[in-house]
S.K.: 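Sharing a structure below in structure tokens format, with a few things to ask.
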Amino acid sequence: MDSLASDVIPPPRSCDTFVALPPATKGGGVVFGKNSDRPSGEVQEVVYIPAQTYPAGTKLQCTYISIDQVDSTYSVILSKPAWMWGAEMGANSEGVCVGNEAVFTVLQGKDDLTERLLGMDIVRLALERGGTAAKAVKVITDLIESPGQGGPCGEMQNWSYHNSFLIADRTEAWIVETAGVHWAAEQITSGIRNISNCLTIGTKIDLMSPGIKEFAKGKGLWTGDSDFNFALVFARCGPDGRYDDGRELMEASSGAIDEASMFSVLRDEDSGICMTGGFVSIGSQVSVLAAAGDDGIPSIHWFTGTPNPKHSVYKPFIFCSDVNFPSQTISPDFGDNDPAKITPRFSKQVDRRHQLYAAHEKAMSVLTKDKTRGKELLSTLTDLEQQCLQGMKAYVSKCREGAADDKEVVDLFHDCVDAEMKFYS
């Protein structure tokens with residue numbers, strides 16, 4: 001088997017994804033959260049893609065390769081590196097959330113740089129095609145088997161990795177962990193679960209790829225004399241402190257986890273979950289999925305669209321008809337001249353900053369250069385987020401009373417972004 005190639009530079013360990021289900025949550029819903037930790041300076045955009053239908057035979061161009069398109073897709077909101085087609089995390093109109101992590105396995109090698117689907121492409125495809133968590137798992141695992149995962153995972157950087165995924169809906173969550181074309185999946189129906197750049201599925205395997213045990217035996221990775229433990233068989237390295245620290249932070253709020261407590265977890269710098277330095281928590285998402293049976297209550301998805309959640313505003317989005325989505329979180333489109341689409345790839349760099357990113361970047365210089373003005377700015381941004389939280393509580397109350405109207409949330413994310421931009425001007 002190939003060892004990790006010397007010319008394939010492994011990225012720093014980064015990204016953390018969390019889910020909490022009853023009885024760990026407040027109000028009986030499901031709370032999903034993720035920080036996307038990417039190279040400092042990479043731009044992450046927040047985009048809305050409406051549901052669409054396609055004629056038979058349509059091809060879909062992903063980041064590097066094209067695949068067959070399906071007949072119809074769900075509406076999605078995505079937080080995605082601006083240079084790629086895929087997404088680090090997101091949600092769909094059916095109340096499904098997906099996030100991915102880099103994992104490092106004994107099967108990694110030079111072939112991982114062969115252009116296939118990125119793990120982020122698979123996240124987006126799972127959201128566009130999976131109407132439940134279980135159906136999204138099926139989408140993910142089918143794609144892992146064919147055409148498979150591969151290709152450079154960073155703009156201007158020659159590294160690649162295998163992927164793990166956390167998938168959640170209003171009733172359950174799943175973890176899917178991969179090693180090349182092989183995978184295992186674990187179902188979660190209650191409590192707390194997180195993933196963080198390491199294989200975590202042990203012997204509790206609810207689904208697995210065909211022939212995986214025979215493959216492991218043939219490669220001398222498992223004798224068959226003990227229970228099959230996915231992590232022990234395929235992991236290149238064990239978990240680091242962020243995995244344990246993240247679980248401890250979640251457990252500290254167990255029984256009362258809501259969007260605000262998930263914000264706090266994702267803003268925790270001491271654990272490294274809120275990452276700074278060469279890799280930065282460049283985008284962040286928190287979703288509160290309404291409790292099963294609360295059919296009149298919407299799921300609410302919160303996105304920053306800017307680096308470092310500790311210095312960013314979580315802004316709410318609710319799926320509805322006729323969404324008015326802001327242009328300020330969408331990066332410039334370079335079309336066929338995009339260096340990510342031209343071979344050889346990434347022969348030049350382009351400015352992918354969207355308006356919100358650029359305004360936030362300018363404001364952050366105030367935080368580091370002028371402590372007094374920086375403190376005032378942070379206080380203002382905190383107030384804006386609190387107003388959003390109170391507004392969403394009021395809207396949910398109206399939904400419970402049957403007095404809410406979709407028209408109230410058509411401009412929701414748009415108006416919150418506008419308000420944030422005004423504070424930066």
S.K.: Using the side chain to side chain donor-acceptor pair (under 3.5 Å) definition, which of the options Thr63, Asp111, Asp121 pairs with Arg116?
M.R.: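 Option passing the side chain to side chain donor-acceptor pair (under 3.5 Å) with Arg116: Asp111.
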S.K.: Between Ser425 (side chain only) and Lys422 (backbone N and O only), is there a donor and an acceptor less than 3.5 Å apart?
M.R.: yes
S.K.: Taking side chain to side chain donor-acceptor pair (under 3.5 Å) as the test, write out the residues that go with Ser284, two or more places apart.
M.R.: Asn35, Tyr314
S.K.: When you check the side-chain N and O atoms of Gln187 and Thr189, is any donor under 3.5 Å from an acceptor?
M.R.: no
S.K.: Just checking Asp322: does its CG atom have more than 12 heavy atoms from other residues, nucleotides or ligands closer to it than 6.0 angstrom?
M.R.: no
S.K.: Supply the atom-to-atom distance Cys388 SG to Asp383 CG, rounded to the nearest 0.5 angstrom.
M.R.: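 Separation between the atoms: 11.0 Å.
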S.K.: Can a side-chain donor-acceptor contact be found between Thr132 and Asp169 if the only test is distance below 3.5 angstrom?
M.R.: no
S.K.: Testing the basics here: between Ser79 and Gln44, what is the closest heavy-atom pair and its distance to 0.1 Å?
M.R.: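 What the structure gives for the nearest pair is OG-OE1, 2.8 Å.
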S.K.: Within the 4.5 Å heavy-atom criterion, are Arg124 and Ile49 side-chain neighbours or not?
M.R.: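 Yes, close enough: below the 4.5 Å cut-off.
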S.K.: Charged N to carboxylate O under 4.0 angstrom, Lys204 versus Asp206?
M.R.: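 A salt bridge is present here (some side-chain N lies under 4.0 Å from a carboxylate O).
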S.K.: Does anything in residues 325-335 form a side-chain hydrogen bond (donor to acceptor under 3.5 Å, both in side chains)? List the pairs, not counting sequence neighbours.
M.R.: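 Passing the test, one end in residues 325-335: Gln328-Asp418.
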S.K.: About how many Å separate OH of Tyr395 and CD1 of Ile297, when rounded to the nearest 0.5 Å?
M.R.: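 Here the rounded value is 9.5 Å.
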S.K.: Just checking Gln349: does its CD atom have more than 12 heavy atoms from other residues, nucleotides or ligands closer to it than 6.0 angstrom?
M.R.: no
S.K.: Can you tell me how far the CD1 atom of Ile77 sits from the CH2 atom of Trp302, to the nearest 0.5 Å?
M.R.: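 Answer rounded to 0.5 Å: 12.0 Å.
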S.K.: Taking side-chain contact (heavy atoms from CB on, under 4.5 Å) as the criterion, tell me which of Leu166, Val98, Val286, Val96 meets it with Phe32.
M.R.: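 Going through Leu166, Val98, Val286, Val96 one by one, the side-chain contact (heavy atoms from CB on, under 4.5 Å) with Phe32 is satisfied by Leu166 alone.
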S.K.: Answer yes when Lys341 and Asp336 have at least one side-chain N-carboxylate O distance shorter than 4.0 Å, and no when they do not.
M.R.: no
S.K.: How are the rings of Phe303 and Phe413 set to each other: parallel, tilted or perpendicular (split at 30° and 60°)?
M.R.: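 Ring orientation of Phe303 relative to Phe413: perpendicular.
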S.K.: For Phe234, check ring-ring contact (aromatic ring centres under 6.0 Å, His included) against everything at least two apart and list the hits.
M.R.: Phe230
S.K.: Could you tell me whether the side chain of Pro147 reaches within less than 4.5 Å of the side chain of Leu117, counting heavy atoms only?
M.R.: yes
S.K.: Hey, are Lys398 and Glu408 close enough for a salt bridge, meaning a charged N less than 4.0 Å from a carboxylate O?
M.R.: yes
S.K.: Please tell me whether Ser36 and Glu88 have a donor and an acceptor in their side chains that are separated by less than 3.5 angstrom.
M.R.: yes
S.K.: With sequence neighbours left out, which residue pairs that include part of residues 120-147 fulfil the ring pair (Phe, Tyr, Trp, His ring centres under 6.0 Å) condition?
M.R.: none
S.K.: Measure the spacing between CG of Leu356 and CD of Glu420 and express it to the nearest 0.5 Å.
M.R.: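 Going from CG on Leu356 over to CD on Glu420, the span is 4.5 Å.
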S.K.: Which atoms form the tightest heavy-atom contact between His360 and His311, and what is the distance?
M.R.: NE2-O, 2.9 Å
S.K.: Just verifying a value: how many Å separate Met392 CE and Lys315 NZ, rounded to the nearest 0.5 Å?
M.R.: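 Going from CE on Met392 over to NZ on Lys315, the span is 13.5 Å.
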S.K.: Is the backbone of Ala102 close enough, under 3.5 Å, to the side chain of Asn197 for a donor and an acceptor to pair up by distance?
M.R.: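 Side chain of Asn197 to backbone of Ala102: a pair is present.
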S.K.: Check Ser196 against Glu101 and note the closest heavy-atom contact, atom names and distance.
M.R.: CA-OE1, 3.8 Å
S.K.: Could you report the tightest heavy-atom contact between His354 and Tyr357, atom names first, then the distance?
M.R.: ND1-N, 3.0 Å
S.K.: Examine distances only and state if a side-chain atom of Asp244 and a backbone atom of Arg247 form a donor-acceptor pair shorter than 3.5 Å.
M.R.: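 Side chain of Asp244 to backbone of Arg247: no pair is present.
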S.K.: Enumerate the residue pairs fulfilling ring pair (Phe, Tyr, Trp, His ring centres under 6.0 Å) with a member in residues 63-96, sequence neighbours excluded, ordered by first and then second residue.
M.R.: Trp83-Phe346
S.K.: Provide the closest heavy-atom pair for Ser75 versus Ala51 in the form atom of the first, atom of the second, distance.
M.R.: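 Here Ser75 and Ala51 meet closest at OG-N, 2.9 Å.
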S.K.: Measure the CD1-CE distance between Ile122 and Met120 for me, rounded to the nearest 0.5 Å.
M.R.: 9.5 Å
S.K.: Is there side-chain contact between Thr382 and Val313, with heavy atoms separated by less than 4.5 Å?
M.R.: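 Sidechains of Val313 and Thr382: no contact.
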S.K.: For Glu145 and Trp183, test the side chains for any donor-to-acceptor distance below 3.5 angstrom and give the result as yes or no.
M.R.: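 Side-chain D/A pair, Glu145 to Trp183: present.
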S.K.: Quick one: do Leu118 and Cys153 satisfy side-chain contact (heavy atoms from CB on, under 4.5 Å)? Show the steps, please.
M.R.: CA-CA 7 Å; Leu118 292 178; Cys153 296; 3.9 Å; yes
S.K.: Please enumerate all residues that pass salt bridge (charged side-chain N to carboxylate O under 4.0 Å, His left out) together with Asp370, with sequence neighbours excluded.
M.R.: none
S.K.: Check whether any side-chain heavy atom of Lys310 lies under 4.5 Å from a side-chain heavy atom of Ser281, and answer yes or no.
M.R.: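 No - every pair of side-chain heavy atoms lies 4.5 Å or more apart.
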S.K.: Is there a donor-acceptor pair under 3.5 Å between the side chain of Asp16 and the backbone N or O of Tyr243?
M.R.: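 Between the backbone of Tyr243 and the side chain of Asp16 there is no qualifying donor-acceptor contact (under 3.5 Å).
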S.K.: Do you see a donor-acceptor pair shorter than 3.5 Å between the side chains of Gln149 and Asn163?
M.R.: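 Checked: Gln149/Asn163 side chains pair up, N/O donor to acceptor below 3.5 Å.
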S.K.: For residues His182 and Phe215, determine if any side-chain heavy atom of one lies less than 4.5 Å from a side-chain heavy atom of the other.
M.R.: yes
S.K.: Looking at Asn324, I'd like to know if its CG atom is crowded, meaning that more than 12 non-hydrogen atoms belonging to other residues, nucleotides or ligands lie closer than 6.0 Å.
M.R.: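 Yes, CG of Asn324 has more than 12 neighbouring heavy atoms, counting only those of other groups under 6.0 Å.
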S.K.: Ion pair present between Arg353 and Asp351, side-chain N to carboxylate O less than 4.0 angstrom?
M.R.: yes
S.K.: Kindly indicate, with the supporting measurements, whether the criterion side-chain contact (heavy atoms from CB on, under 4.5 Å) is fulfilled by Arg193 and Ile175.
M.R.: CA-CA 9 Å; Arg193 189 69 159 83; Ile175 307 294; 3.9 Å; yes
S.K.: With no hydrogens and no angle check, is any side-chain donor or acceptor of Lys80 less than 3.5 Å from a backbone partner on Met84?
M.R.: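 Pair found, side chain donor or acceptor close to backbone of Met84.
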S.K.: Is a side-chain donor or acceptor of Ser160 paired with a backbone partner of Gly151 at a separation under 3.5 angstrom?
M.R.: yes
S.K.: Which heavy-atom pair separates Val123 from Gly99 by the least distance, and what is that distance?
M.R.: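 Heavy atoms only, the tightest pair is CG2-C, 4.4 Å.
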S.K.: Taking the six-membered ring for Trp, are Phe325 and His414 closer than 6.0 Å centroid to centroid?
M.R.: no
S.K.: For the backbone of Lys375 and the side chain of Ser379, can you confirm whether one donor and one acceptor N or O come within less than 3.5 Å of each other?
M.R.: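 A pair under 3.5 Å: no.
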S.K.: Is there side-chain contact between Tyr54 and Leu60, with heavy atoms separated by less than 4.5 Å?
M.R.: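 In short, these two side chains do not touch, never coming nearer than 4.5 Å.
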S.K.: Kindly determine whether Leu266 and Lys34 satisfy side-chain contact (heavy atoms from CB on, under 4.5 Å), including the steps that lead there.
M.R.: CA-CA 7 Å; Leu266 296 176; Lys34 180 186 174 181; 5.8 Å; no
S.K.: Tell me, do Val265 and Met250 make a side-chain contact under 4.5 Å, heavy atoms counted?
M.R.: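 The answer is yes; the side chains approach within 4.5 Å.
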S.K.: Walk me through whether Thr178 and Thr105 qualify under side-chain contact (heavy atoms from CB on, under 4.5 Å).
M.R.: CA-CA 8 Å; Thr178 72; Thr105 79; over 6 Å; no
S.K.: Just to verify, which of Arg345, Arg38, Arg352 counts as forming a salt bridge (charged side-chain N to carboxylate O under 4.0 Å, His left out) with Glu155?
M.R.: Arg352
S.K.: Between Leu249 and Ser271, is any pair of side-chain heavy atoms under 4.5 Å apart?
M.R.: yes
